[in-house]
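When a ligand or atom number is given, it counts from 1 through the structure's own listing order. Given the structure is predicted, the values throughout are model-derived calculations rather than measurements.
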Amino acid sequence: MISKCIFPVAGYGTRFLPATKSQPKEMLPIVNKPLVQYGVEEAMEAGLTDIGFVTGRGKRAIADHFDISYELEHQIQGTGKEAYLDTIREVIDKCTFTYTRQNEMKGLGHAILTAKKMVGEQAFGVILADDLCICEEDEGVMAQMVRLYKQFRCSIVAVMEVPSDEIYRYGVIAGESIKDDLYRVSDMVEKPEPKDAPSNLAIIGRYILTPDIFEIIERTPPGANGEMQITDALLTQAREGAVMAYKFHGKRFDCGSVDGFVEATNYVYEHSYKKNGK
Ligand code: G1P
């Protein structure tokens, strides 16, 4: 029913320079796996196997990662090292990958609009790979959201509570509680001052969007930082129809910041790599 997931990956990753000078930030590893692979695995687990990257200059390593490397595979064939490729082989076998270029950096709304042709007329997922989500007790966050989409058939954003001194970094919602962990959005503000924030519920990088969002983005004027904001388009959609905000189950690491990246690395090392070796 939903099969497509869009990954906006055109950003420069300036906070990780010089590491990101000649490689995409999405390829930085959390232990032994590039950040973007975690996101694609989460999409795949949710049944979203048509992966669309909105990419930019200097991002070729992403396309190479989600492809066979004949030379390497030939070299390690029949050795114990083959098992290191198991996770990426599974992703390559189950998913298809499409790439389009965002040739100007005009915000997340613009990145999503760039995927219009790739998406067509279906609802679709959006994953910001910088936000690494891990859920040990339930399905992955995107799978949790797909479950809700089947019930409500409208756009859904994932939210979490954040302290007020961090709220300025996020899109923030206000909403009426519908049931446990689910709100119907009544207001949404991109990167508010703490005093203007409508709540402490911040949007994190997981969205399910219905395809009418494209036409709404097209008629939405630039917002915060002069960029096309998906948050502003979603507010229009909430007012004209409905948008849900879902307080997801699981942990989220802000891997766009050095602190969050290190925290994620320690967590994955302790909870996954040390136990399973992958
Ligand atoms: C984007 C969105 C923002 C959201 C955030 C989640 O901001 O515009 O609404 O809260 O992702 O990570 P960015 O982090 O790209 O500035």
Problem - ligand 1 atoms in contact with Thr231 (distance to a heavy atom under 4.0 Å) - result: 9 (O)
Fill in the blank from the handout: Gln229 heavy atoms within 4.0 Å reach ligand 1 at atoms 8 (O)
Problem - Short N or O distance, Ile203 and ligand 1, threshold 3.5 Å exclusive - result: yes
Problem - Modelled atom types, side-chain donor and acceptor of Gln37 and Thr87, under 3.5 Å - result: yes
Handout entry: Donor on one side chain, acceptor on other, Glu136 and His271, under 3.5 Å
Key = no
Among all protein heavy atoms in this structure, tell me which lies nearest to [atom], with the distance rounded to 0.1 Å.
| atom | value |
| --- | --- |
| atom 11 (O) of ligand 1 | Leu128 CD1, 3.5 Å |
| atom 12 (O) of ligand 1 | Asp131 OD2, 2.9 Å |
| atom 1 (C) of ligand 1 | Leu108 CD2, 4.0 Å |

Practice task
Considering only protein heavy atoms, determine whether one is less than 4.0 Å from atom 14 (O) of ligand 1.
Solution key: no
Practice task
Determine, for Tyr38 and Lys33, whether the Lys NZ or Arg CZ falls below 6.0 Å from the six-membered ring centre while staying within 45 degrees of the axis.
Solution key: yes
Exercise for the section: Assess whether atom CZ of Arg169 is packed by more than 12 heavy atoms of other residues, nucleotides or ligands within 6.0 Å. Expected result: yes
Practice task
Only heavy atoms count here, so choose which of Glu190, Arg252, Arg169, Lys191 is nearest to atom 16 (O) of ligand 1.
Solution key: Lys191
Exercise for the section: Starting from the C-alpha separation in whole Å, work towards a yes-or-no answer on salt bridge (Lys or Arg N to Asp or Glu O under 4.0 Å) for Glu73 and Arg89. Expected result: CA-CA 11 Å; Glu73 303 209 4; Arg89 282 311 296 256; 2.4 Å; yes
Exercise for the section: Mind checking whether Ile230 contacts ligand 1 via backbone (N, CA, C, O), side chain (CB onward), both or neither, at a 4.0 Å heavy-atom cut-off? Expected result: neither
Handout entry: For ligand 1, the portion of Asp254 having any non-hydrogen atom under 4.0 Å away
Key = neither
Exercise for the section: State whether the side chain of Lys4 and the backbone N or O of Gly52 hold a donor-acceptor pair below 3.5 Å, judged by distance alone. Expected result: no
Problem - Salt-bridge present (Arg147, Asp138; N to O < 4.0 Å) - result: yes
